[in-house]
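Computed over heavy atoms, backbone and side chain alike; hydrogens, waters and symmetry mates excluded. Numbers restart at 1 for each chain; the letters A, B, ... are given by sequence-line order, proteins then strands.
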There are 4 protein chains.
Amino acid sequence: MPSVPRKPDPTRRSERSRQAILEATRELISEVGYAKLSVEAIAARAGVGKQTIYRWWRSKGAVVFDSFLTLSEGVDGMALPDTGDIEADLKAVMRATVAEFADPTFEAPIRALNLEIASDPDLAAQYREKLAGPVDEAKKERLRSAQRAGQIAADADLDLALELLYAPLYQRWLLRSGPLTPEYADAVVDHVLRALRP
Amino acid sequence: MPSVPRKPDPTRRSERSRQAILEATRELISEVGYAKLSVEAIAARAGVGKQTIYRWWRSKGAVVFDSFLTLSEGVDGMALPDTGDIEADLKAVMRATVAEFADPTFEAPIRALNLEIASDPDLAAQYREKLAGPVDEAKKERLRSAQRAGQIAADADLDLALELLYAPLYQRWLLRSGPLTPEYADAVVDHVLRALRP
Amino acid sequence: MPSVPRKPDPTRRSERSRQAILEATRELISEVGYAKLSVEAIAARAGVGKQTIYRWWRSKGAVVFDSFLTLSEGVDGMALPDTGDIEADLKAVMRATVAEFADPTFEAPIRALNLEIASDPDLAAQYREKLAGPVDEAKKERLRSAQRAGQIAADADLDLALELLYAPLYQRWLLRSGPLTPEYADAVVDHVLRALRP
Amino acid sequence: MPSVPRKPDPTRRSERSRQAILEATRELISEVGYAKLSVEAIAARAGVGKQTIYRWWRSKGAVVFDSFLTLSEGVDGMALPDTGDIEADLKAVMRATVAEFADPTFEAPIRALNLEIASDPDLAAQYREKLAGPVDEAKKERLRSAQRAGQIAADADLDLALELLYAPLYQRWLLRSGPLTPEYADAVVDHVLRALRP
DNA sequence: CCCTAAACGAGACGGTACGTCCGGTCTTGAC
DNA sequence: GTCAAGACCGGACGTACCGTCTCGTTTAGGG
């Protein structure tokens, strides 16, 4: 008897347990760090049986991921500031990103999330669809506005533009390969805008 | 007497064991992946006592890291090709990087190494010093040659230049956020050179 | 309001479910053995909700016990053979008992039942009343007949007599402390009859 | 890789752990009863890793069994009292057995042991060899003495004699099928001696 | 004939324990 | 004193069941 694992019925899922698990996960990542996070501890903190976690998530990584999804659910309709000055606007956004990376409260969980995504292609796909996608779309919308204003080339590849802007920040932060300062953000913006000029 | 762990005498270290451990580590990362790599398995595969691993390395990550150091020992004196055409040279190098990332043989170990570095600031420092540093220096040397040839601005920040070039590739690869093609490498080079023009 | 568990109404009990549960129990004891018997498995096999089991039985042991009661319902009016020769009759009955103990079909369930009874005084009481009692009464009736025929002492303690006869068989079987052969049964009968002679 | 479970080296076994485990087992059986005894609890109480238990014992039952072996190690050379009066001596011994069965301190562990033996043929074999065997030999020695004294038949089957004596007590105790009194023990002895008379 | 209340199947839930794996420490005997 | 070997304590893993608790869905009188 190969014990066919019947799949659970989502309509009967306990929302209370789901919330408790995601909240416990977020708390524990902040408290003990991602490396020492255990399903056992999540279940205990959430007042939940371990099976309830394994029933609804494939892996610890999936729980971690979901705990972030929930955090940033309101981001969807988000739009970036548009003062008409693409350079100023980008620098503001990039400096905010730098500040977020520097904030020790965010540092640990975001790092956990990124390690999880880097390890698991499935989560990476979900990440792009649910988290990165909408945010990137908002950013590209701002770049399109700049295209219309003639501030960057009309035929610029906006996906590439985004990567030229953010990847250097991301890499410095993830690998700690250099100081992550507002000035650095500014320098990146200056260079990339130069590359994108009409 | 509180067992003061006298530190081992490196002169008596068994080179044979060291090699066996590093080799077993490389093999196992390729075979079972980084997530399922265990000290136990390394010791068994290497025909070595676990203590011998713990005696000489702080953590599993340190072993993984060292297993790469050994791999790339000959890289030190390396210089990049210099045909006089910075654009062609950069595209060649970047396309090689893309190919390396795409090679399934390298994929797993490099990913393991990067996860380890992202998790452990100490290893990150070692990484910069021992691995990234020399390679980056060679790359910067090529850029300096281009500066002298007037192909890129004399006052360009070469560290930044390197990051603008490599970070987009790195990010796409690590997060699987898009296709990693030679054309993509070319596009990045084109943009960055534009930003760096005198 | 502390959920007073109103007790179920037996008149509305589903006979179909009851039968399915008892049958599934018997099957599973034979198939996987008593130690690995689980309420979950019984419910699944019987196509029944777990609650239906817990509604009508106190414990797994109670189900096991009941599954035997049902098996041996027709035994009540049973009478032992009476050829007039107590020795021959007893030997026949005892040999039959030996055969039953040796039959692998009966072995597992009977053992399960005995372990359950040995663990739970309540079940033991039920066992005496519902199963052992009637059977013992039939056996004692045969002994009384022998008393009237002057084959065993008129003042013999028949309960003790039964125990002298059956306990040695039972012990050998339960603890596997020796071979359980027809000859052994005969020897026991011979000795006990000698002890009971007028 | 079928993970060949290499067998442990008994010469390196920790005697301290072994003792702690057996002692914890005895304590827990007395405290919480056999049904609620868990390997987890034994390990915790003994201050031992669970693996250390699973390394040296096949099952929980085997641990329980061993914890009894250790208890009764001094019994080996034991000899029964021999006043020359077999009836008096047997009654004394049987009454002692009755008392032991009645003692609530012994009740739980002995019952646990018997359930374990009844469930597991391997343990049953060990039981006969290590525990029951020596004790039975002492009892048979006393019976042989009675044979020499002409109190019981010279050709009596002493194994059978032992079973006729003890099985009724054992059965009454295990199944709680009747009161276990000194008088009952006496009655059994009287009958069995009558059956064994020369 | 419908209404309603109970029993029912299904199975999610909070838990406990399972038996396994591995981390990191400690011990033994060979070299 | 390092080494291979591996026992040890501890703790987390992912699974199996426990007994309880909803969920709709039958089902069977009583109105």
Side-chain angles (χ1 to χ4, degrees), chain A residues 3 5-14 16-17 20 36-41 43-44 46-56 59-60, chain B residues 3 5-6 8-14 16-17 20 36-44 46-56 58-60, chain C residues 3 5-6 8-14 16-17 20 36-44 46-56 58-60, chain D residues 3 5-6 8-14 16-17 36-41 43-44 46-56 59-60:
Chain A
S3 145
R6 274 175 293 99
K7 53 196 53 163
D9 174 357
T11 68
R12 302 198 44 190
R13 183 167 186 181
S14 159
R16 143 188 284 277
S17 292
K36 297 195 173 177
L37 180 66
S38 71
V39 173
E40 206 114 316
V48 140
K50 280 199 289 177
Q51 198 61 50
T52 300
I53 296 181
Y54 287 112
R55 188 163 19 239
W56 302 111
S59 68
K60 187 174 66 178
Chain B
S3 92
R6 270 175 294 114
D9 173 358
T11 68
R12 307 206 40 188
R13 182 168 187 181
S14 157
R16 140 189 286 278
S17 292
K36 295 195 173 176
L37 180 66
S38 73
V39 174
E40 208 110 325
I42 296 174
V48 139
K50 282 201 288 177
Q51 196 59 53
T52 301
I53 297 180
Y54 286 111
R55 187 158 25 234
W56 301 111
R58 291 192 307 103
S59 67
K60 186 176 68 179
Chain C
S3 91
R6 270 176 294 112
D9 173 359
T11 68
R12 304 202 43 184
R13 183 168 186 181
S14 158
R16 140 190 286 277
S17 292
K36 296 196 172 174
L37 180 67
S38 73
V39 173
E40 208 112 324
I42 295 174
V48 138
K50 282 200 289 175
Q51 195 65 251
T52 301
I53 296 180
Y54 286 111
R55 196 176 356 250
W56 302 111
R58 291 192 305 104
S59 68
K60 186 175 68 178
Chain D
S3 144
R6 273 176 293 97
D9 174 357
T11 68
R12 301 198 45 188
R13 181 166 188 181
S14 159
R16 141 188 285 277
S17 292
K36 298 196 171 174
L37 180 67
S38 73
V39 173
E40 207 115 313
V48 141
K50 281 201 288 177
Q51 198 62 53
T52 301
I53 296 181
Y54 286 111
R55 191 168 9 245
W56 301 112
S59 68
K60 187 174 66 177

Exercise. How does each nucleotide of nucleotides 15-20 of chain E score, in 5' to 3' order, for protein heavy atoms under 4.0 Å: base (B), sugar-phosphate only (S), or none (-)?
Worked result: B-BBBB
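Of the candidates dC8(E), dG14(E), dA5(F), the closest approach to any side-chain atom of Thr52(C) belongs to dC8(E).
By the side-chain hydrogen bond (donor to acceptor under 3.5 Å, both in side chains) test, Gln51(A) is found to be paired with no residue, residues two or more places apart in sequence or in another chain being considered. Considering only residues two or more places apart in sequence or on other chains, Lys60(C) meets the salt bridge (Lys or Arg N to Asp or Glu O under 4.0 Å) condition with none of them. Qualifying side-chain hydrogen bond (donor to acceptor under 3.5 Å, both in side chains) partners for Ser59(C), counting only residues two or more places apart in sequence or in other chains: none. The salt bridge (Lys or Arg N to Asp or Glu O under 4.0 Å) search around Arg16(B) returns none, not counting sequence neighbours.
Rounding to the nearest 0.5 Å places CD1 of Ile42(B) at 10.5 Å from CD of Glu40(B).
Map Arg58(B) and Arg13(A) each onto its nearest nucleotide of DNA chain E; the residue landing nearer the 5' end is Arg13(A). When each of Ser17(D) and Arg16(B) is assigned the nucleotide of DNA chain F with its nearest heavy atom, Arg16(B) is the one assigned upstream, toward the 5' end.
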Might you list the N or O atoms of the protein lying below 3.5 Å from N or O atoms in nucleotides 29-31 of chain E, with each pair's distance?
none

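Considering only side-chain N and O atoms, Arg55(D) lies under 4.0 angstrom from the phosphate OP1 or OP2 of dC8(F). Note on Trp56(C): a side-chain N or O is less than 4.0 Å away from OP1 or OP2 of dC8(E).
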